[in-house]
Every structure is written in structure tokens, then in C-alpha cells.
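Step one of this worksheet: look at the structure below.
Letters A, B, ... are given to chains in the order of the sequence lines, protein chains preceding strands, and every chain is numbered from 1.
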2 protein chains.
Amino acid sequence: MKPKQITLADIAKELNVSPATVSRALKDHPDISQETREKVKKLASALHYRPNTIAQGLRKKESKIIGVIIPEIVHHFFSSVISGIMEYAYKAGYRVMLCQSMEMFEKEVEDVEALFSSRVDGILISLANETKDYTHLEEVRNYGVPVVSFDKVCYSLENHSMVVIDDYEGAYNVVTHLLENGYRKIAHIHGPLNPITSQNRLNGYKAALKTYGLAEEKAYIKGCHLVTQEEGYNFTKELIALPDRPDAIFAVTDLVAIGAMVAIKEAGLSIPNDVAVVGYSDWAMAAVVEPALTTVAQPGFEMGNLAARLLIDEIHYINEDNEAPYQHQKKTLKTEVKVRQSSVKKTVLAS
Amino acid sequence: MKPKQITLADIAKELNVSPATVSRALKDHPDISQETREKVKKLASALHYRPNTIAQGLRKKESKIIGVIIPEIVHHFFSSVISGIMEYAYKAGYRVMLCQSMEMFEKEVEDVEALFSSRVDGILISLANETKDYTHLEEVRNYGVPVVSFDKVCYSLENHSMVVIDDYEGAYNVVTHLLENGYRKIAHIHGPLNPITSQNRLNGYKAALKTYGLAEEKAYIKGCHLVTQEEGYNFTKELIALPDRPDAIFAVTDLVAIGAMVAIKEAGLSIPNDVAVVGYSDWAMAAVVEPALTTVAQPGFEMGNLAARLLIDEIHYINEDNEAPYQHQKKTLKTEVKVRQSSVKKTVLAS
DNA sequence: ATGAAAGCGCTAACAC
DNA sequence: GTGTTAGCGCTTTCAT
């Protein structure tokens, strides 16, 4: 029961010209006379003609769609990334097809295949935690679909661009901030080490300690599985029960940090005077808890923007069929330490 | 330089059959012999054949893509909605093309047109605050593309389904909760009244007061423009400076509520004993502030899921070309009051 | 049980 | 400056 869509042929018939002429007129092809061009454009807009991009895609073998696969949409960081991607893609004339892997490898593979079936011009992906095998990506890349990975990238996939955040440096900086503020017994609650991000943060933490000539204290390092507030709470209870209690906690994520804060307050200790707490991610909640949480802000929007730019540049490069292969790039984005109250001791002023 | 994609014709040639046979075999058409079917499927998977959905779309005049337009992705509620949409769409065999209107009418119109150009099978939209005119939606609907609006819906667009949240009831319930807990001087900081949601919350607030026989107090009602924490802070400062200070504040959004909490604490007053605070939305931060914020949870995921279901049902209905027109639906989802510490007075126990 | 042929809407090489 | 033609990859009558 669908009304027929307006096609080039409809306009052509009405105007007694050929569809080719209409197509050219609409694209401001120089060969077309001023007069026909105007006639065509006028009628096209009167009829609300909208080119069928599916037909264009089939003909030109490019869909002007980029596929995006992320582990989880309901997530401040990833939604910022998507926003950055969409902004760039939109300006460059690309549409975005979105997939959510739910952190599942199987789903990720299906999504890659579905995007390939949709003949997207390129794929942006942040890997699921489960993903260890990259043949699904290799395959589409071999069929000429460029892939750019971001955040949780695939180092072992060759010939593709990636955008990462310098988690090592972010962790290094925030721990250094604690050290500069006089904290010396700094504990770390890290995440599962498969996504390389947690591993990097752990390394940054260790490196900062080393710079200050401090030894790693095994008992001060705890590892989350689920990265929840509850885990932060429980590990912190263990940490503050230690005979030599840490004076600061660096949590892999703000949510874990907030769990830590609850445990510390419950124990009747002061943040930051007894125990400082710093997080990672700069979620909205970090600014509103009490005391406001020092954390590491990750440039999600910029990451999405840059990843989209790299991908679209590569798509353009491929379409120009240059003889030289495209030079893939690895970009690293810097984090920013947001110093708030949870990590700076309140000095008692003489009054 | 792109490698050629594998097509039906490639498989057909290799097997000395026609493309039609291959197409049928792959779809388990009953006419095809067991033998050919297996041969075809085997080769198809060996060659990693993936049907070109663009070609399918052109041929069958359906893209198996639904378009989604939302005002802002970086937003807990909307990202939940998207997640709900994607889950349903995925199970039903549809892909999702995502657009972000940035709350701008112009961008929304462009997005609708772009989605129509992409020949999406249907559109899900939550309107930009600016949007007053619905001709862009009417137009695509007239060309046979079903539209379902959700959250910020278009009441004046006829013949389309919508899904809303009962904001009136949510506000009514949370204010009633305050009343039941003994609060009588309840202020309200509302949002801009164009998106109908804020208006409904305001009405629910007023209705709850009325049920308790309380008169509206003009001075207790403040209106935000930007709906920020800062506005919450500033209005609350005004409210608590009032000669007859309110004993509770209902904020249109958790962020505004948090601004209110800051102002109250700054004034040395206790939450909830001097002034209770309740918010709306149940963002992650509501559970972690101190005291934990009572708020109204909105079923974002369910909303997305339901909206997708209504849209896809309608698409299916249209494709069956029934003689009777589709019966459009208006669904209302219920909210849930999350009672936390910010609204329940601590009774001092005799010890 | 399979093939031939037409056509979805568009574009681009080639005519004139 | 404009028309003709072919074809992108697929599905679907209609034949056989």
C-alpha cells in the first residue's frame, strides 16, 4: 500500500527529457544548460524528490554509511565517542549505522558481518572485552572495507589505524598528583587485565611509584572482576583494615572510587585527610559526590571525532585508487587530571 | 583498488547453475534439490559470500534499516532508549541508523530527509525542543514511511503511534511521597515548558498538592531555562531565603536537584530534616550523592524496546498490504519512585 | 528442479 | 547540451 516514490524517471517524463539529464541537472553538471537545470530543480523540489541512496549505492559501489561497533551504549564515555563520530561523519556526508556488541565476541562477529552485508564504506570498532581473535576484522578489511579501532584496539591486526587514550600516562599523572600532595602509601584497585586499558593504568601507577623511589606493595594492589561500586567498597574495606593502612587509593574507574569512598566514610575516616581517593573516567557523578572526586578525564568526543576522520580519510584515499598503499596511523590522545577535593588535604589554618 | 566482492553470479558460474538457483538455494526455497542446495551453501561459505543488502533493498524496496533521531546521545536516558531500540530491532532483523538532532529543528529536518533518502523502513523520533512544525514528518509518512515518536512526541501529528512516560503521574507520586512523609511546604523547580514533559511534571506536582488540600504557592515555583546544576543552586538559594522557607524541593531533574542540595548544605541546613530534596530521572549520580537522592526512574530501555516494536509491527503490517488501515497506538509507560535518604526524615531514637 | 529475463533507481561511458 | 545504453547485485515471475 506504499505510495510510489518519486524517481528521476518521473521528473524526466514530466519534462520530456531523459533521466540522465535530470541526474546531471541535479548534480550541477557543467554540460547542462542553465534553463534545463532550473526547470529540473524546480520540479524536483515541487515533487519533494529525494534521491534513492540505495540505488546510488548500488551503482557507485559506495554506501556513504560507516558502521560503528561499540561494546555498550549506555555509558558516558562511549556515548561521547559516538557523538564525536557522528559529528564528523555528518559533516563529511556519511551516515552512521550503530551496533552494540554487549561485550560479547559472538555478537561482535555478527555485527561485523551485518555491516559488511550492508556494504558500509568503513567500520569503526572498540573491541568487546572477550575478543581475542581478529579474523572477522581481517576478513572485511581484505574485502576492501577499512577498519579503524579505538579505545579497546586490536594491536595484532595489521594495516589499520587506531586511536587510543594514553591510559598509562593518565594513571601516571594522577598517581604523581597524589605523590606531590604528600601521599606515599598509595593503593590501586585495578580492573580485569584483558582490555589493555586496565593493564596500562596499572603500569602507569607502578611507574609513578618508581619515579618517587617507592616500592610496590603487593597488599596494596587489588583486582576487580566486574568493576562495580560494590567491588570498590569491599576491596577498600580490606585495604583500610590492613595493619599499615594506605593513605590513598587510586581506583580504575570512578564508580569503583565511589565504592571506596563509601567504605572509608563508613569506617569513620576522613577523605582526603586520612585517605585520599582518585578515580578514572570523569563521569558526571565524580563532580557531585562529596568530597568531589579527583579523576582522569578521557577525551571521548575527540576520540570519536579523530577515529571518524582517520576512517573517512582512508575511505577517500582508497576511492582515489592511488598506487601507494594508505599509510595507517596510530594516534594517542592525552588525558587530563581533574583535581577536586578528594585528593588534596585540607590544611587547618591558624585563626 | 577495492577487491571485487563475491556475488551470486560468481557462485553460479563456479557451479554451472544460474544466479536464480543460487539465490533460491541460499534462502532454502523448497523447489531446490537437496543436492544443489548443499553445494551452493558450501561454496558460499567457503568464499565468505555475504549478500549485498543494498542490492536486496533496491530490488525488494525495503532496506531493513530503521532510522532513529534523538536530540542528544550523551544522556543516560536517551542512551538507554537507544539500547532498547537496538535490542528489539536486532532481534527483528533490522539495522539502526542513528541521527542526533542536537535539539535543533533544522538538523532534525535534515536528518528526516537523509533517512528518507536512505529509504529506511521506518523512523523513530524524539523531537527537538525547538520543533513546533511537523511537516517534515508528515511528508515522509505520506510517502509510506511509518513514524513512531517517543518521549518528546508530536501530539498534533495524526496517524502515528507514540510512546510516552507518565510524567504527570511520576511527579504526582513523588510529591505525594513527600506529603506522606510530612512535608507540606513543597517547592518545585521546573524546566522550560515547551517540551511537554516539564509541563506534565508541573501539573502532577500541582495535582498532588491539591489532593492534600494545599494551595499552590507562587513563590515556591521556579522555572529553569537551561536545566543545569547551577540553576538548581541559584533557585534554591532564593527559595531558602524566603521568609516562609519551603521544607521540600522537587526538582525537574536530578542535576537540578543536586544543585539544590549544594545550596542547602551550604546554608548549613540538613537534608532531609530541614529541607527534603527529590529529583527526577534516576541518573547514576542520584544513588551516589549524599544523602542519596530520592528520584523518579524512567524506563528508558523499555521505552526504546516498545517504540521499536510498534514501528516494526507497523512496517510488517504495511508490507502485508491489508485493506484496513493500521491501528496506531499510544502507549504510556509508568515511572517508579526510588525512595532514598534525601526525602525521609531521620527520627531521633530514644536510647 | 532450474533457467531466462526483466527490472528496482541510478550513473557514466559513449554517442550524436 | 542531451539521449542511449548498459549495468551495479539481487529477486521473481514465467517458462521449460
Checklist entry - In terms of the angle between their ring planes, are B:Y94 and B:H316 parallel, tilted or perpendicular, with boundaries placed at 30° and 60°? => result tilted
Item to check | Length of the CG-P vector between A:L8 and D:dC8, whole Å | outcome: 19 Å
Return no unless some side-chain N or O of [X] is found under 4.0 Å from OP1 or OP2 of [N].
X	N	value
A:T7	C:dC8	no
B:S18	C:dG3	yes
A:Y49	C:dG9	no
A:Q56	C:dG9	no

Checklist entry - Between B:R119 and B:D31, which has a closest nucleotide on DNA chain C that is more 5'? => result B:D31
Item to check | Pairwise 5' ranking along DNA chain C for B:T21 and B:K61, keeping only the more 5' one | outcome: B:T21
Residue [X], side-chain heavy atoms: nucleotide from [options] that is nearest:
X	options	value
B:T36	C:dA12, C:dT2, C:dG9	C:dT2
A:R24	C:dC14, D:dT12, D:dG1	C:dC14
B:A55	D:dC10, C:dG9, C:dT2	D:dC10
B:L58	D:dC10, C:dC10, C:dC8	C:dC8
A:N52	C:dA1, C:dC10, C:dA5	C:dC10

Next on the checklist: Can you confirm if the NZ or CZ of A:R141 lies within 45° of the ring axis of A:Y143 and under 6.0 Å from the centre of its six-membered ring?
Outcome noted: no
Next on the checklist: Tell me if the CD atom of B:E35 is crowded by more than 12 foreign heavy atoms within 6.0 Å.
Outcome noted: no
